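Single-structure report; data block below.
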Amino acid sequence: MEISLVCYQSISLDKIQNSFRFPSSIHEVFRTKPLFSDYCFRFNRRKCGNPCDKIKCFSLEQGLQPRRPKPKPSRNTDSDLKETEETHVKRPSVGICSQIEKLAFCNRYREALELFEILELEGGFDVGLSTYDALVSACIGLGSVRAVKRVFSYMISNGFEPDQYMSNRVLLMHVKCGMMVDARSLFDEMPERNLVSWNTIIAGLVDVGDYFEAFRLFLLMWEFSDCGSRTIATMIRASAGLELISVGRQLHSAAVKFGVGEDIFVSCALIDMYSKCGSIEDAQWAFDEMPEKTTVGWNSIIAGYALHGYSEEALSMFYEMRDSGVKMDHFTFSMIIRISSRLASVEYAKQVHAGLIRHGFGLDIVANTALVDFYSKWGRVEDAKHVFDRMPCKNTISWNALIVGYGNHGWGAEAVELFEQMLREKMRPNHVTFLAVLSACSHSRLFERGWEIFQSMSRDHKIKPRAMHYACLIELLGQEGLLDEAFALIRGAPFKPTANMWAALLTASRVNVNLELGKYAAEKLYGMEPEKLSNYVVLLNIYHQSGKLKEAAGVLQTLRRKGLRMLPVCSWIEVNKQSHVFLSGDKSHVQTNEIYEKVDSLVHEISKHGYVPKEKTLLPDVDEQEQRILLYHSEKLAVAFGLINTMKGSPLQIVQNHRICNDCHNAIKLIALVTRREIVVRDASRFHYFKDGSCSCGDYW
DNA sequence: TTAGGGTTAG
């Protein structure tokens with residue numbers, strides 16, 4: 001495979017260093033939030049000498065009460081205070097404490113916390129700093145809010161007075177377990193803060209997506225304290241989150257200025273930031289500048305190319321990474337599986353699957369979820385189910401991947417059953433789960449069940465249906481011929497109907513050949529998406545199906561006037577590790593004659609099973625060339641080529657850059673029946689699966 | 001001194 005790698009030298013080190021105007025450029029972050037900007041820059045050193053005082057000032061300005069140290073909770077009442085003072089001497093607990101430390105050291109956090117229960121229940125033990133440190137590690141390892149509350153409350157009731165190190169560890173414990181409100185209180189009330197304290201709270205804010213607050217604290221820190229490479233790396237991540245490349249560039253220049261431009265963490269954050277901000281060239285530059293290319297560096301640049309849709313380049317980088325001898329990790333495999341699902345064949349993915357297991361990441365939740373998605377997308381639902389069943393732990397995303405697989409495979413009832421099993425296993429569904437299950441109902445025409453599930457969304461699961469859920473239901477109503485109800489659903493939606501919803505109604509109108517409603521929906525769509533070709537094409541089809549050829553020709557003229565043209569559509573098939581690409585009506589392939597003869601004989605064969613070839617003329621002004629294009633669509637040519645050049649009975653996989661048309665859909669369904677082949681036709685957003693004459697098709701949103 | 005940072009799946 002010939003792969004060209006995009007690599008531009010658009011920035012240089014000198015340019016970066018000389019463009020330093022930090023931190024004034026950070027104002028840009030707050031441009032959309034002037035409130036922050038106001039109070040960020042109003043203060044000066046003279047007014048509030050200590051950043052901690054400044055934070056108090058912020059709180060006061062916002063009408064908040066200054067925070068007072070929380071009274072230490074005590075299990076004792078005033079009446080037994082005397083008794084407590086008398087029994088103040090703490091019991092030694094060397095055995096339990098050292099056991100807790102050992103368990104935490106071996107990552108056996110759950111057991112460490114089970115042992116901690118003895119300390120909690122009996123009380124009065126002399127617990128040392130190293131044990132508290134181990135308990136903090138256990139809480140972070142488990143990410144359990146309940147554990148954090150238990151440990152923290154024990155620290156307070158046991159009169160633990162943390163030093164700077166332990167204060168930071170306790171802060172980190174809250175941050176890592178997502179308890180940002182408590183973490184912020186702890187940070188504000190810290191008697192002393194050092195670089196680690198600042199980095200911890202700022203990184204926590206960035207983790208939860210509170211970028212503005214992160215920048216606000218960063219500016220305070222910038223003014224009063226030194227910030228290291230870790231801080232810069234975190235703020236580069238915040239710039240990526242805000243998609244503000246100019247701010248990211250300034251942080252890049254700050255890093256170079258302070259001599260941390262080649263720091264591993266800064267470099268990786270830069271690669272990620274540049275690619276997320278839309279400049280893959282700069283990301284590549286940052287990667288090239290890395291003195292030592294680490295696993296994360298490679299992962300970041302591969303993720304960058306994948307994000308921009310440069311799947312081949314991403315794969316090429318993966319080969320380079322593998323050849324360079326750098327260790328691949330579960331991030332690498334997760335990404336490669338995802339890239340494979342867009343680009344490569346099932347065989348290739350199986351190799352990646354084997355590599356995943358060989359490298360010891362066979363149980364990784366993310367990589368396995370990517371595999372479930374991959375096999376689902378390629379119509380290998382049994383394989384997807386196999387991977388899913390062997391996963392030691394699953395999350396909502398894993399369940400969603402398989403429900404989508406079932407739905408698109410045409411197994412609507414099974415998708416609904418899986419959804420119900422998910423609920424029984426107390427896994428919380430999210431809006432994607434509902435999209436998957438409603439879509440499954442739509443494809444399998446399970447109207448009653450779909451309607452019930454749609455209603456249960458807000459009633460039982462407190463998830464507000466979004467436009468795509470409405471679009472699914474409109475499609476479902478359309479299939480039942482309930483166009484009035486579908487229209488009523490659009491009008492009754494609690495938000496302004498989106499293009500997707502009108503498009504669903506337009507499709508429903510086409511299916512039911514309702515010209516009036518179709519025109520209405522199309523007009524709405526023209527207003528919203530005047531340049532979208534497919535909207536015109538659907539209306540054109542409605543006119544055509546209603547026998548209104550003159551109006552259909554009028555739509556075609558509008559298309560021409562607007563300069564909207566069909567992009568060249570093509571289909572390709574991989575045979576013997578070589579891709580063969582076909583355009584509609586294409587006569588450039590060396591086996592052209594054989595392929596066209598095969599198409600003709602297949603059409604003849606399937607016409608015995610009820611296939612009616614598309615009418616010879618769609619519109620009055622279709623010329624001979626266009627006619628050939630209409631009769632020999634690229635997917636038919638690819639299927640014919642596949643049947644000629646592959647073993648009898650082996651499955652065929654066709655990939656294409658467009659949606660399959662109804663004619664090819666019907667034709668290939670029957671071809672699968674008469675040739676007893678399994679045929680998967682797929683494009684980037686949907687696939688059509690044919691086996692023994694049955695078919696399923698679907699969308700991925 | 002310890003502690004804090006970068007990349008992945010539906």
Side-chain angles (χ1 to χ4, degrees), chain A residues 129-130 133 136-137 140 162-173 175-176 187 193-204 206-207 227-238 240 255 260 263-273 275-276 283 286-287 290 294-304 306-307 314 321 328-339 341 356 361 364-374 376-377 384 387-388 391 394-405 407-408 429-437 439 700-701:
Chain A
L129 190 141
S130 53
D133 201 20
V136 166
S137 298
I140 295 172
D163 58 1
Q164 180 75 74
Y165 166 78
M166 272 312 290
S167 298
N168 288 342
R169 290 283 287 159
V170 170
L171 178 66
L172 180 73
M173 173 173 81
V175 164
K176 287 287 179 192
F187 178 77
R193 302 177 186 89
N194 64 7
L195 186 60
V196 177
S197 332
W198 284 93
N199 284 348
T200 306
I201 192 74
I202 291 175
V206 174
D207 281 343
C227 62
S229 60
R230 293 168 187 228
T231 327
I232 303 256
T234 304
M235 296 324 294
I236 291 170
R237 194 152 60 94
V260 293
D263 175 90
I264 292 169
F265 293 101
V266 169
S267 302
C268 295
L270 281 172
I271 297 167
D272 183 53
M273 181 274 295
S275 68
K276 282 187 178 148
F287 177 72
M290 274 181 93
T294 60
T295 301
V296 181
W298 280 104
N299 287 348
S300 305
I301 192 68
I302 291 171
L307 182 74
M321 177 187 185
M328 292 178 281
D329 64 3
H330 63 288
F331 283 87
T332 322
F333 283 103
S334 304
M335 282 185 303
I336 294 306
I337 293 164
R338 187 167 179 231
I339 293 162
S341 72
L356 177 85
F361 305 117
D364 181 72
I365 190 167
V366 178
N368 276 295
T369 303
L371 269 174
V372 171
D373 176 56
F374 174 87
S376 298
K377 274 184 179 155
V387 174
F388 181 81
M391 284 172 76
K394 306 167 182 97
N395 60 16
T396 303
I397 302 177
S398 327
W399 285 87
N400 290 353
L402 194 62
I403 294 175
V404 170
N408 284 342
N430 63 11
H431 72 277
V432 181
T433 319
F434 282 101
L435 202 52
V437 74
S439 172
Y700 278 105
W701 284 304

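Quick caveat, the model's predicted, so the values are computed rather than measured.
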For this session: Name the nucleic acid region contacted by A/Thr294, choosing base, sugar-phosphate or nothing; use a 4.0 angstrom heavy-atom cut-off, strictly under.
Result: base
For this session: Would you indicate which nucleotide in B/dG10, B/dT8, B/dA3 comes nearest to any side-chain atom of A/Tyr165?
Result: B/dA3
Problem set entry | A/Asp133 and A/Arg169 ion-paired at < 4.0 Å | yes
Exercise. Checking all strands, does A/Asp133 fall into the base, sugar-phosphate, or nothing category for heavy-atom contacts under 4.0 angstrom?
Worked result: nothing
For this session: Could you check whether A/Ser197 gets within reach of a base, just the sugar-phosphate, or nothing at all, counting any heavy atom under 4.0 Å?
Result: nothing
For this session: Would you indicate which nucleotide in B/dG5, B/dG10, B/dT7 comes nearest to any side-chain atom of A/Phe331?
Result: B/dT7
Exercise. Rounded to the Å, how far apart are A/Asn430 CG and B/dG10 C1'?
Worked result: 8 Å
Problem set entry | Spacing of A/Asp207 atom CG relative to B/dG4 atom C1', expressed in whole Å | 11 Å
Exercise. Between atom CG in A/Leu371 and atom C1' in B/dG10, what is the gap in whole Å?
Worked result: 13 Å
Exercise. Under 4.0 angstrom, heavy atoms only, what part of the nucleic acid is A/Ile202 near: base, sugar-phosphate, or nothing?
Worked result: nothing
Exercise. Contact class for A/Asn194 (heavy atom, under 4.0 Å): base, sugar-phosphate, or nothing?
Worked result: base
Problem set entry | N/O donor-acceptor pair, side chain A/Asn368 with base B/dA9, under 3.5 angstrom | no
Exercise. What's the CD1-P distance between A/Ile365 and B/dG10, to the nearest Å?
Worked result: 13 Å
Problem set entry | No-H, no-angle donor-acceptor pair, A/Ser229 side chain to B/dG5 base, under 3.5 Å | yes
Seminar exercise, completed: Closest of B/dA3, B/dT8, B/dT7 to the A/Ser300 side chain is B/dT7
Problem set entry | Closest to the A/Cys268 side chain, choosing from B/dG4, B/dG10, B/dG6 | B/dG6
Problem set entry | Euclidean distance, atom CZ of residue A/Phe265 to atom P of B/dG6 [Å, nearest integer] | 8 Å
Seminar exercise, completed: Considering only heavy side-chain atoms of A/Ala370, the closest of B/dG5, B/dG6, B/dA9 is B/dA9
Exercise. With a 4.0 Å cut-off on heavy atoms, is A/Ile302 in touch with a base, just the backbone sugar-phosphate, or nothing at all?
Worked result: nothing
Exercise. If you measure from the Lys or Arg side-chain nitrogens to the Asp or Glu carboxylate oxygens, is any gap between A/Asp373 and A/Arg338 under 4.0 Å?
Worked result: no
Problem set entry | Residue pair A/Asn395, A/Ser398: steps toward the side chain to side chain donor-acceptor pair (under 3.5 Å) verdict | CA-CA 5 Å; A/Asn395 60 16; A/Ser398 327; 2.8 Å; yes
For this session: Using atom CE of A/Met321 as one end and atom P of B/dT8 as the other, report the distance to the nearest whole Å.
Result: 13 Å
Exercise. OP1 or OP2 of B/dG10 sitting under 4.0 Å from any side-chain N/O of A/Arg338?
Worked result: yes
Exercise. Which of the following nucleotides, B/dT8, B/dG10, B/dA3, is nearest to the side chain of A/Val196?
Worked result: B/dA3
For this session: Give a yes/no answer on whether the side chain of A/Arg237 brings an N or O atom under 4.0 Å of OP1 or OP2 in B/dG6.
Result: yes
Exercise. Base, sugar-phosphate, or nothing: which does A/Asp272 touch, judged by heavy atoms less than 4.0 Å apart?
Worked result: sugar-phosphate
Exercise. Any idea which of B/dG10, B/dG5, B/dG6 is nearest the A/Thr234 side chain?
Worked result: B/dG5
Exercise. Taking only residues two or more places apart in sequence, or in another chain, which ones meet A/Phe331 in a ring pair (Phe, Tyr, Trp, His ring centres under 6.0 Å)?
Worked result: none
For this session: Pick base, sugar-phosphate or nothing for A/Lys176, based on heavy-atom distances below 4.0 Å to the nucleic acid.
Result: sugar-phosphate
Problem set entry | Partner residues of A/Ser334 under the side chain to side chain contact (heavy atoms under 4.5 Å, CB included) criterion, sequence neighbours left out | A/Asp364, A/Val366, A/Ala367
For this session: Provide, to the nearest angstrom, the distance between the CG atom belonging to A/Asp329 and the C1' atom belonging to B/dT8.
Result: 8 Å
Exercise. What integer distance in Å separates A/Asn199:CG from B/dG4:P?
Worked result: 11 Å
Exercise. In terms of the angle between their ring planes, are A/Trp298 and A/Phe287 parallel, tilted or perpendicular, with boundaries placed at 30° and 60°?
Worked result: perpendicular
Problem set entry | B/dT8 base stacked by A/Phe333 (centroids within less than 5.5 Å, tilt under 30°) | no
Exercise. Cationic tip of A/Arg193 within the cone over A/Phe187's six-membered ring, i.e. under 6.0 Å and within 45° of the normal?
Worked result: yes
For this session: Consider the side chain of A/His330, meaning its heavy atoms from C-beta on, and name the nucleotide among B/dT7, B/dA9, B/dT8 that approaches it most closely.
Result: B/dT8
Exercise. With distance as the sole criterion, do the side chain of A/Asp263 and the base of B/dG5 form a donor-acceptor contact below 3.5 Å?
Worked result: yes
For this session: From the options B/dG10, B/dT8, B/dG4, select the nucleotide whose nearest atom is closest to the side chain of A/Lys377.
Result: B/dG10
For this session: Report the nucleotide, chosen from B/dG4, B/dG6, B/dA9, that has the shortest atom-to-atom distance to any side-chain atom of A/Asn395.
Result: B/dA9
